[in-house]
Chemist: 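Have a look at the structure that comes next, please.
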Amino acid sequence: MALKIYNSLTRQKEVFEPLNAPYVGMYVCGPTVSGESHLGHARPFITFDVLYRYLLHLGYKVRYVRNITDAGHFEEEGKAAEDKITSKAILEKLEPMELVQKYTHLYHWAMDQFNNLPPSIEPTATGHIIEQIEMIKKIMTDGFAYEANGSVYFDVIKYNEVYSKKNQPYGILSGRNLEDQLDTTRELDNQDEKKNKVDFALWKKAPVEHIMRWQSPWGEGFPGWHIECSAMATKYLGKKFDIHGGGMDLQFPHHECEIAQSTVCNHEMPARYWVHNNMITINGRKMGKSYNNVVKLSELFDGSHPILTQAYSPMTVRFFILQSQYRGTLDFSNEALQASEKALRRLMDAYEWLKAQSFTSEKKSTDTSLDQQLKTWVNELPEFMEDDLNTAKVVANLFEMVPVINSLKDKHISADAVSGATWQLVKAQLTLFIEQVLGIKVESGANKKQLNGVIHLLIDIRKEAKAKKDFATSDKIRNQLLEMGIQIKDEKDGEVSFTFS
RNA sequence: GGUCGGGUGGCCGAGUGGCUAGGCAGAGCUCUGCAAAAGCUUCCACAGCGGUUCGAAUCCGCUCUCGACCUCCA
């Protein structure tokens with residue numbers, strides 16, 4: 001079976017074939033570091049992390065480029081709306097790069113918490129102003145952009161005329177036609193500078209109060225909204241690369257504009273597979289800045305947001321996201337996260353126990369249908385992944401195996417019901433899919449030697465109390481530990497284990 | 001208004017023309033000093049109305065309804 005992925009460009013699932021196997025180039029639109037990341041941002045980064053991981057698992061050599069947008073005109077979140085502050089006031093408040101630095105650090109911290117692998121290259125927009133200017137110059141030379149009053153605009157109408165004939169009209173990705181656009185585009189500032197209202201800025205002249213500004217052939221200014229991705233993708237992945245990813249809300253206009261710019265410059269469609277993740281919703285509505293309904297990642301991790309009744313660990317959030325397929329919306333609520341938290345703990349408890357067991361392959365199975373069933377569940381895992389990354393089904397199969405593992409543990413099934421070879425296979429595949437592919441790591445509440453020693457001491461004291469039928473003491477130990485988030489479990493064999501919540 | 005995508009059980013979420021994922025919550029049982037955990041069993045479903053079909057939650061039509069994009073947005 002081959003990896004199939006849904007291509008927004010063709011609107012169907014397609015078999016993934018790299019342009020230059022075994023190399024794969026993948027570009028994913030990264031964050032704008034003008035504010036703290038929220039749950040909605042987490043979805044693409046986790047989704048494409050899983051795609052990256054799976055491609056690596058398949059043996060591809062992947063160059064994963066994910067940019068950081070640190071240029072443009074932005075002010076610190078929440079403060080932007082206050083007023084149009086003068087340059088002096090801005091200077092007194094915050095240096096733009098100070099802001100960029102702050103939120104870049106926070107973003108990296110969150111990505112690390114999620115156990116996302118770092119991209120191969122993480123270019124910044126401000127680090128590629130020269131490349132962007134060069135690209136704009138090229139587009140102008142070819143006659144698809146024009147200067148107006150110190151700004152440069154892309155000539156969408158002309159592009160559409162020329163490239164419609166080459167079967168690549170403007171709107172090809174998002175399925176829009178230009179006539180509709182002409183009717184509906186709203187009025188923007190400096191609209192009169194543009195030849196047509198559908199034209200978009202490649203370079204913007206900087207007003208006096210604008211702090212982020214660079215020299216260009218057209219005066220001091222800053223790059224337009226879409227050119228950075230075209231410039232950086234071209235620089236690091238070439239004129240044509242394999243995968244371009246991002247959130248669905250970037251499909252138009254961002255990715256559409258990228259296609260137009262890159263196509264004019266490089267004479268071909270930049271990416272072969274366009275992959276878009278759907279939105280996270282809250283009460284059925286997209287989580288987004290403009291809706292004022294975001295839950296920031298830090299609020300999620302410390303439980304400080306009013307709709308949350310508790311803190312949720314990064315792995316719980318990751319698991320919550322992976323329980324759905326990336327192309328559907330995912331509705332967020334405290335209740336849904338609570339469900340994920342419990343589910344993840346059950347899965348990981350079973351998995352960690354299994355991981356600690358060793359099996360010998362000589363043992364034959366006495367329950368061949370169960371043995372076969374386990375093999376089937378395990379063998380389906382790659383099939384589900386290869387069907388457009390259906391992590392929901394992968395997770396479902398993992399849970400099918402949990403009762404079997406727990407039954408082995410609690411001796412509800414005999415030790416040789418399943419053959420040693422099958423257990424070895426299950427163990428290996430679970431490790432592969434849980435840790436390598438889904439990127440879920442074991443979150444142990446505490447690895448401190450001393451703490452573990454103290455807990456074992458309490459467990460011993462409790463055992464002695466129980467032996468003397470001093471249940472008041474044994475319950476006190478159990479209950480008070482539970483209050484601290486340490487749960488004691490009396491196992492079937494008389495042993496006592498504990499977990500951290 | 002234009003374009004597009006949804007409506008699955010208390011909640012989150014897969015899915016295929018017939019054998020009706022998975023998780024959480026609920027109920028019962030087993031185990032247990034009591035719990036917890038675990039196991040077993042179980043309840044609850046495909047927005048509505050027509051149509052196609054031997055058979056549709058799955059295909060078609062209509063209605064209602066929610067949302068996304070069209071503007072910075074993951």
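All chains are named by letter (A, B, ...) in the order of the sequence lines, taking the proteins before the strands, and each is independently numbered beginning at 1.
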Chemist: Grab the CD-C1' distance between A:Glu352 and B:rA37 for me, whole Å please.
Modeler: 15 Å

Chemist: Would you measure the distance from the P atom in B:rC11 across to the matching atom in B:rG26 and give it in whole Å?
Modeler: 15 Å

Chemist: Which nucleotide in the set B:rC24, B:rC11, B:rA37 lies at the smallest distance from any side-chain heavy atom of A:Ala339?
Modeler: B:rC24

Chemist: Pick the closest RNA chain B nucleotide for A:Leu39 and for A:Asp331 by heavy atoms, then say which residue is nearer the 5' end.
Modeler: A:Asp331

Chemist: Looking at B:rC70, B:rA74, B:rC24, which one has an atom nearest to any side-chain atom of A:Lys342?
Modeler: B:rC24

Chemist: Take atom C1' in B:rC31 and the same atom in B:rC24, then report the distance between them in whole Å.
Modeler: 23 Å

Chemist: Give the C-alpha distance, both sets of side-chain angles, the deciding distance and a yes or no for side-chain contact (heavy atoms from CB on, under 4.5 Å) between A:Asp388 and A:Tyr326.
Modeler: CA-CA 9 Å; A:Asp388 199 25; A:Tyr326 75 93; 2.6 Å; yes

Chemist: What's the closest nucleotide to the side chain of A:Arg462 if the choices are B:rC40, B:rA21, B:rC34?
Modeler: B:rC34

Chemist: Provide the distance between the two C1' atoms, one in B:rG7 and one in B:rU63, to the nearest whole Å.
Modeler: 14 Å

Chemist: Identify whether any heavy atom of A:Gly175 sits under 4.0 Å from a base atom; if not, whether one sits that close to sugar-phosphate; answer base, sugar-phosphate or nothing.
Modeler: sugar-phosphate

Chemist: Consider the side chain of A:Ala396, meaning its heavy atoms from C-beta on, and name the nucleotide among B:rC69, B:rA36, B:rA21 that approaches it most closely.
Modeler: B:rA21

Chemist: From the options A:Leu481, A:Thr473, A:Ile488, select the one residue that forms a side chain to side chain contact (heavy atoms under 4.5 Å, CB included) with A:Arg462.
Modeler: A:Ile488

Chemist: Kindly determine whether A:Asn67 and A:Glu122 satisfy side-chain contact (heavy atoms from CB on, under 4.5 Å), including the steps that lead there.
Modeler: CA-CA 5 Å; A:Asn67 68 296; A:Glu122 194 169 52; over 6 Å; no

Chemist: So does A:Arg478 get a side-chain nitrogen or oxygen closer than 4.0 Å to the phosphate oxygens (OP1/OP2) of B:rA35?
Modeler: no

Chemist: Is there a donor and acceptor pair, one atom on the side chain of A:Ser290 and one on the base of B:rC72, closer than 3.5 Å?
Modeler: yes

Chemist: For the pair A:Asp349 and A:Arg345, find out whether any cationic side-chain nitrogen is under 4.0 Å from an anionic carboxylate oxygen.
Modeler: no

Chemist: If you measure from the C1' atom in B:rG39 to the same atom in B:rC46, how many Å do you get, rounded?
Modeler: 30 Å

Chemist: When all nucleic acid strands are considered with a 4.0 Å heavy-atom cut-off, which category describes A:Ile280: base, sugar-phosphate, or nothing?
Modeler: base

Chemist: Does A:Phe399 lie flat on the base of B:rG23, that is, centres under 5.5 Å apart and planes under 30° off?
Modeler: no

Chemist: Closer than 4.0 Å, any side-chain N/O of A:His412 to the OP1 or OP2 of B:rG39?
Modeler: no

Chemist: Counting only side-chain N and O atoms of A:Tyr291, is one of them less than 4.0 Å from OP1 or OP2 of B:rG67?
Modeler: no

Chemist: Which nucleotide sits closest to the side chain of A:Lys489: B:rA36, B:rG39, B:rC70?
Modeler: B:rA36

Chemist: Can you tell me how far CD1 of A:Ile282 sits from NE2 of A:His38, rounded to the nearest 0.5 angstrom?
Modeler: 11.0 Å

Chemist: To the nearest Å, give me how far apart CD (A:Gln373) and C1' (B:rG22) are.
Modeler: 14 Å

Chemist: What interatomic distance, in whole Å, is found between P of B:rG5 and the corresponding atom of B:rG61?
Modeler: 12 Å

Chemist: Taking for each residue the nucleotide of RNA chain B with the nearest heavy atom, is it A:Gly30 or A:Ser407 whose nucleotide lies nearer the 5' end?
Modeler: A:Ser407

Chemist: Between A:Val198 and A:Tyr170, does a side-chain contact (heavy atoms from CB on, under 4.5 Å) hold up when you go through it step by step?
Modeler: CA-CA 10 Å; A:Val198 289; A:Tyr170 183 77; 5.5 Å; no

Chemist: Report the distance from atom CG of A:Leu297 to atom C1' of B:rA74, rounded to the nearest whole Å.
Modeler: 11 Å

Chemist: Say we look at B:rA35 and B:rC29: how far apart would their P atoms be, to the nearest angstrom?
Modeler: 11 Å

Chemist: Can you measure A:Arg43 atom CZ to B:rC73 atom P for me and round it to whole angstrom units?
Modeler: 19 Å

Chemist: So A:Glu36 and A:Tyr107, side chain to side chain donor-acceptor pair (under 3.5 Å) or not? Walk me through it.
Modeler: CA-CA 7 Å; A:Glu36 206 188 318; A:Tyr107 165 69; over 6 Å; no

Chemist: Checking contacts here: which listed nucleotide (B:rC72, B:rA74, B:rA36) is nearest the side-chain heavy atoms of A:Lys286?
Modeler: B:rA74

Chemist: Look at the side chain of A:Trp225 and decide which nucleotide, out of B:rA21, B:rC72, B:rG10, has an atom nearest to it.
Modeler: B:rC72

Chemist: Can you tell me if NZ on A:Lys441 sees more than 12 non-hydrogen neighbours from other groups inside 6.0 Å?
Modeler: yes

Chemist: Could you state the atom-to-atom distance from CE of A:Met348 to P of B:rA37 in whole Å?
Modeler: 19 Å

Chemist: Grab the CG-C1' distance between A:Asp388 and B:rA14 for me, whole Å please.
Modeler: 13 Å

Chemist: Where the side chain of A:Arg285 is concerned, which of B:rA68, B:rC24, B:rA74 is the nearest nucleotide?
Modeler: B:rA68

Chemist: Tell me: NE2 of A:His255 to P of B:rU3, nearest whole Å?
Modeler: 24 Å

Chemist: Rounded to whole Å, how long is the line connecting atom CD of A:Glu380 with atom P of B:rG22?
Modeler: 12 Å

Chemist: May I ask you to establish whether A:Arg66 and A:Phe45 are in a cation-pi arrangement, using a distance under 6.0 Å from NZ or CZ to the six-membered ring centre and at most 45° from the ring axis?
Modeler: yes

Chemist: Using the P atom as the reference point in each nucleotide, state the distance between B:rG13 and B:rA68 in Å, no decimals.
Modeler: 15 Å

Chemist: Work out how far the P atom of B:rG9 is from that of B:rA47, and round it to whole angstrom.
Modeler: 8 Å

Chemist: Does B:rG39 have OP1 or OP2 sitting under 4.0 Å from an N or O in the side chain of A:Asn406?
Modeler: yes

Chemist: Using OP1 and OP2 only, check whether a side-chain N or O of A:Arg346 sits under 4.0 Å from B:rA37.
Modeler: no

Chemist: Of the options B:rC12, B:rG33, B:rG39, whose atoms approach the side-chain atoms of A:Ala336 most closely?
Modeler: B:rC12

Chemist: Checking contacts here: which listed nucleotide (B:rG22, B:rC70, B:rC11) is nearest the side-chain heavy atoms of A:Phe252?
Modeler: B:rC70

Chemist: Quick check: any donor-acceptor pair below 3.5 Å linking the side-chain of A:Asp490 to the base of B:rA35?
Modeler: yes

Chemist: Is it the case that the ring center of A:Trp274 lies less than 6.0 angstrom away from the ring center of A:His255?
Modeler: yes

Chemist: Anything under 3.5 Å between a protein N or O and an N or O of nucleotides 15-18 of chain B, put it in a table, one pair a line.
Modeler:
residue : atom : partner  : partner atom : Å
B:rG15  : OP1  : A:Asn390 : ND2          : 3.3

